[in-house]
Amino acid sequence: MLKLLSAVMIRDFKIGMRNRSEIFMPLVFFLIIISLFPLGLGLENQKLLLAAAPAILWIAALLSTILVLDRVFKNDFEDGSLEQMAISGAPLYFIILGKMISHWLLTGLPLVIFSPVLAVMLGFTLMQSWVVALILLIGTPLLSLIGAMCVALIVGLRQAGLLLSIITLPLYIPVLLIGVQLISRLQEGHSLGSLMMILIGGDLAAIILAPLVTTFAIKMSLD
């Protein structure tokens, strides 16, 4: 199973590297959104910027993920690869999980890598900026796992971008609330332990459940 999982991840990673615009698009979008807030608010509103920073970071990460979310399965659906995978006899669960992990590596991880620099721009200290990156490192996989489930429901539909956003955004709300609360607590110097454990628990639950739900949705879409 691990061999199948790694094979899918390597395949999708290579495909993603060939379409680098799709990788850079969410990252550039993330950089632009966060960079605009300090410029727009100006130096005289630093307190307001710092107060809004947790929401700015998470909303930017959330919207950047949605931007290319439909690419998780769309190309494979259009060229028939997804149907071949489904009827190949290989466990579709691990194929789906591999594609979800690849999507996060290509779109979520770059956001995490650049987040410390952007956190400093928003007024965080250097030490706080690394904790912000850790929070996003734990939280952003949930965005890919939950998002992939939604994509699977509409993979067969054309021009489903708006529908995907309508389905996905409500499911992202718990992640957004916990993520914002975590960074707010970091700013206030409170303990992050309990909320971090909730976020980690969400990751573990999503890793187990999201591929199951997505597998079912993919089979329904292919029928």
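All values derive from a computational prediction rather than experimental measurement. Numbering of residues begins at 1 and proceeds along the displayed sequence.
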Over all atoms of both residues, closest heavy-atom pair of [X] and [Y]:
| X | Y | value |
| --- | --- | --- |
| Phe124 | Ser129 | CB-N, 4.3 Å |
| Pro211 | Tyr93 | CB-CE1, 3.4 Å |
| Thr140 | Val112 | OG1-CG2, 3.7 Å |
| Val68 | His103 | O-NE2, 3.7 Å |
| Ile34 | Ala60 | CG1-CB, 3.8 Å |
| Leu145 | Ala210 | O-CB, 3.8 Å |

Please step through side-chain contact (heavy atoms from CB on, under 4.5 Å) for the pair Leu192 and Val131, ending with a clear verdict.
-> CA-CA 10 Å; Leu192 307 181; Val131 181; 3.7 Å; yes
Quick check for you: to the nearest 0.5 Å, what is the distance between [X] atom [atom1] and [Y] atom [atom2]?
| X | Y | atom1 | atom2 | value |
| --- | --- | --- | --- | --- |
| Thr65 | Leu142 | OG1 | CG | 11.0 Å |
| Leu199 | Ile138 | CG | CD1 | 6.0 Å |
| Ile33 | Ile59 | CD1 | CD1 | 9.0 Å |
| Leu111 | Leu136 | CG | CG | 8.0 Å |
| Ser102 | Ile10 | OG | CD1 | 9.0 Å |
| Met100 | Met149 | CE | CE | 7.0 Å |

Would you say [X] and [Y] make side-chain contact, with heavy atoms under 4.5 Å?
| X | Y | result |
| --- | --- | --- |
| Phe94 | Val8 | no |
| Ser64 | Leu27 | no |
| Val72 | Leu69 | yes |
| Leu164 | Leu153 | no |
| Val132 | Pro116 | no |

Donor-acceptor pair, distance only, cut-off 3.5 Å: does the side chain of [X] make one with the backbone of [Y]?
| X | Y | answer |
| --- | --- | --- |
| Glu188 | Arg185 | no |
| Gln187 | Leu50 | yes |
| Trp104 | Ser144 | no |

What about [X] and [Y], same hydrophobic cluster or not, with Ile/Leu/Val/Met/Phe/Trp/Tyr joined at side-chain heavy-atom distances under 4.5 Å?
| X | Y | answer |
| --- | --- | --- |
| Trp130 | Leu195 | no |
| Phe24 | Ile15 | no |
| Ile173 | Leu163 | no |
| Met127 | Phe114 | no |
| Val120 | Ile56 | no |

Go through the steps to decide whether Leu134 and Met196 satisfy the test side-chain contact (heavy atoms from CB on, under 4.5 Å), and finish with yes or no.
-> CA-CA 10 Å; Leu134 176 63; Met196 286 288 261; 3.8 Å; yes
Would you indicate whether Phe77, at its atom CZ, is surrounded by more than 12 heavy atoms from other residues, nucleotides or ligands within a distance under 6.0 Å?
->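 Enclosed: over 12 neighbouring heavy atoms sit under 6.0 Å from CZ of Phe77.
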Taking atom CZ of Phe13 as the centre, report whether more than 12 heavy atoms of other residues, nucleotides or ligands fall under 6.0 Å from it.
->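 Atom CZ in Phe13 is not crowded, with 12 or fewer foreign heavy atoms closer than 6.0 Å.
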Given side-chain contact (heavy atoms from CB on, under 4.5 Å), test Tyr172 with Leu177 step by step and report yes or no.
-> CA-CA 9 Å; Tyr172 278 170; Leu177 294 177; over 6 Å; no
Among residues two or more places apart or on two chains, list those pairs meeting salt bridge (charged side-chain N to carboxylate O under 4.0 Å, His left out) that have a residue in residues 90-103.
->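 Sorted pair list: Asp12-Lys99, Asp76-Lys99.
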Yes or no on side-chain contact (heavy atoms from CB on, under 4.5 Å) for Phe30 and Leu118, after CA distance, side-chain angles and deciding distance?
-> CA-CA 9 Å; Phe30 185 67; Leu118 297 171; 3.4 Å; yes
